[in-house]
Amino acid sequence: MSGELNITSGGAIHVDSGAFRAVGHRLAALAEHVKDAARVARRAQHTLAQTADRHPATGQIGNCVHRLESQGEKAAKTAQGTLVMADVFELVELRTQQNLMGVGDAREALAIQDRIHELLASNPNIGPAADSLVTRWQNHRFDGLTDQPWDDTYTLARWVGAVLAPTLFGWAALWLGPEPVGSTMGTLRDLAVDVDLGTLPSGTRLTGESQAVTLRTVESRDVKPVAGVRDSIARVPWGRTAQVAVEKYTMKDGSVRYVAYVDGTREMMPGTDEPFDAVSDVELYMGRKKSASYEATLQALEEAGAEPGDTVDMVGYSQGAMIVSHLAMDSPYHVGTVIVAGDPVDPALAADQTIVRLENSADPVNALATGGTAGGSGSPDSFTVQREIPGRSSPIDPHMYGDYMNTGAELDRSSDPRAQALRDKFFHELGEAARVERTEFSAERA
């Protein structure tokens with residue numbers, strides 16, 4: 001149904017394999033308890049049957065025994081299937097980890113391969129099931145993208161095309177006469193898959209020299225701790241003078257941590273003093289180079305007082321999501337939690353980093369990530385949230401800032417255990433702060 005959330009562990013994996021395996025073991029234990037109860041009931045039935053006068057409850061106990069034995073067998077089969085599916089999920093996760101590893105991770109890759117061999121040898125059906133799972137995900141990862149309304153389609157196509165094809169030929173081709181909407185968006189989808197820059201393998205680092213920007217403080221004030229995913233998105237300085245905001249959290253024990261909020265693209269035309277422009281989009285996505293907007297974000301963190309080694313959690317929208325994804329992979333800070341909305345890339349994060357991805361269905365900017373990886377990345381608490389945007393009149397609608405705030409609000413109300421864990425761990429910890437100082441920064445190209 002439109003507007004409902006689909007929460008997965010990323011890519012083809014709907015539930016973390018470890019959590020799914022734990023469910024399987026609990027089901028197996030439950031099956032044994034039910035079978036034990038059946039055996040006890042069976043003994044009671046036999047005892048009563050041997051009395052001189054047949055007890056009237058003997059037949060009823062017999063019926064109970066049959067039901068218990070039947071339910072025990074069903075629970076055992078369900079447990080077995082759950083454990084096999086957990087192995088399938090783990091196989092997809094391990095293969096994804098291998099694909100994202102850099103050339104310097106040979107030893108870890110070999111260790112993973114040992115576990116892959118173990119899984120494949122345990123059951124001949126696991127390999128084909130994993131392949132089928134990934135194939136289904138690949139076939140449906142762009143659902144809705146080519147089913148777009150007409151309004152503003154070519155404006156969007158030219159913008160996304162500029163990111164994917166920044167050559168003069170690429171620009172000209174995208175400005176030529178109209179084509180069917182589905183064909184246009186399908187071409188952009190195919191370009192994103194062909195350039196294969198939407199996923200960031202382990203060890204990815206932006207190259208190039210830092211670009212000169214001028215940073216100024218727009219506003220500083222004390223605020224309440226951030227209170228949820230919607231509030232996190234709302235604190236991104238969208239539609240304001242500032243492009244970056246940094247909150248300094250002083251905890252009751254005197255320790256300090258930070259949360260950075262980074263906005264998206266502000267200007268489509270090159271040649272202005274705006275660092276959050278389409279030029280930065282191209283540099284970050286196509287070239288994997290340090291952009292002026294990336295430098296502005298680093299300077300804002302430094303100006304706010306963040307020092308190397310400090311914990312800096314990050315929230316980003318659109319281009320800002322791409323920036324914080326790169327910073328989570330390579331920065332002087334310890335980036336623990338990342339919340340991104342409409343992110344055109346999917347980073348390979350470490351096992352101690354949690355990433356929460358908000359993906360509105362048919363968002364063409366998010367489609368640049370090509371569905372991310374089949375197995376997801378980051379800690380077991382990481383997850384992806386997908387939501388279909390109802391009543392669309394434009395292909396740009398699913399990427400709109402306000403729609404992502406609504407997706408965040410839906411997630412805040414979700415009873416999904418992963419959403420609950422985010423509230424209990426991340427937001428609860430921040431809520432314990434003694435003081436929160438928020439500073440908003442505006443940057444210009446120097």
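Note that these values count all heavy atoms, side chains included, but never hydrogens, waters or copies made by symmetry.
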Close side-chain approach of [X] and [Y], heavy atoms under 4.5 Å:
X	Y	value
Met314	Ile339	no
Asp424	Glu429	no
Asn6	Arg387	no
Val436	Lys248	no
Tyr285	Val345	yes

Going by side-chain contact (heavy atoms from CB on, under 4.5 Å), name the residues that satisfy it together with [X], two or more places apart in sequence or in a different chain.
X	result
Asp253	Met251, Ser255
Ala321	Val340, Asp343
Gln211	Glu283, Ala292, Arg445
Gln353	Ala328, Val335, Leu349, Ala350

Below 4.0 angstrom, N of the basic side chain to O of the carboxylate: do [X] and [Y] qualify?
X	Y	value
Arg21	Glu90	yes
Asp381	Lys425	yes
Lys290	Glu209	no

Problem set entry | Set of salt bridge (charged side-chain N to carboxylate O under 4.0 Å, His left out) partners for Lys252, sequence neighbours left out | Glu432
For this session: Sequence neighbours left out, what passes salt bridge (charged side-chain N to carboxylate O under 4.0 Å, His left out) with Arg26? Give chain and number order.
Result: none
Exercise. Does a donor on one side chain sit under 3.5 Å from an acceptor on the other, for Asp277 and Thr272?
Worked result: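 No, Thr272 and Asp277 have no side-chain donor paired with an acceptor closer than 3.5 Å.
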All side chain to side chain donor-acceptor pair (under 3.5 Å) counterparts of [X], not counting sequence neighbours:
X	answer
Glu437	none
Thr82	none
Glu444	none
Arg205	none

For this session: Output the distance between atom OG (Ser293) and atom CG (Leu284), rounded to the nearest 0.5 Å.
Result: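 It is 5.0 Å, given to the nearest 0.5 Å.
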Problem set entry | Residue pairs, two or more places apart or on separate chains, that pass salt bridge (Lys or Arg N to Asp or Glu O under 4.0 Å) and touch residues 298-316 |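 Non-adjacent pairs meeting salt bridge (Lys or Arg N to Asp or Glu O under 4.0 Å): Arg257-Asp313.
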Problem set entry | Near-ring test Tyr317/His399, centroid separation under 6.0 angstrom | yes
Exercise. Of Val262, Val213, Ile323, which is the lone residue that meets side chain to side chain contact (heavy atoms under 4.5 Å, CB included) with Tyr294?
Worked result: Ile323
Problem set entry | Passing option when Leu358 is tested against Val385, Asp403, Leu5 for side chain to side chain contact (heavy atoms under 4.5 Å, CB included) | Val385
For this session: Search all heavy atoms of Ile7 against all heavy atoms of Phe383 and return the closest pair with its distance.
Result: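 So the minimum-distance heavy-atom pair works out to CG2-CD1, 3.7 Å.
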All N/O donor-acceptor pairs, side-chain side in residues 226-237, below 3.5 Å, sequence neighbours left out:
from   : atom 1 : to     : atom 2 : distance (Å)
Asp231 : OD1    : Arg235 : NE     : 3.2
Asp231 : OD2    : Ala227 : N      : 2.9
Asp231 : OD2    : Arg235 : NE     : 3.3
Asp231 : OD2    : Arg235 : NH2    : 3.1
Ser232 : OG     : Gly228 : O      : 2.8
Arg235 : NH1    : Lys224 : O      : 2.9
Arg235 : NH1    : Glu247 : OE1    : 3.3
Arg235 : NH1    : Glu247 : OE2    : 2.9
Arg235 : NH2    : Lys224 : O      : 2.9
Arg235 : NH2    : Pro225 : O      : 3.2

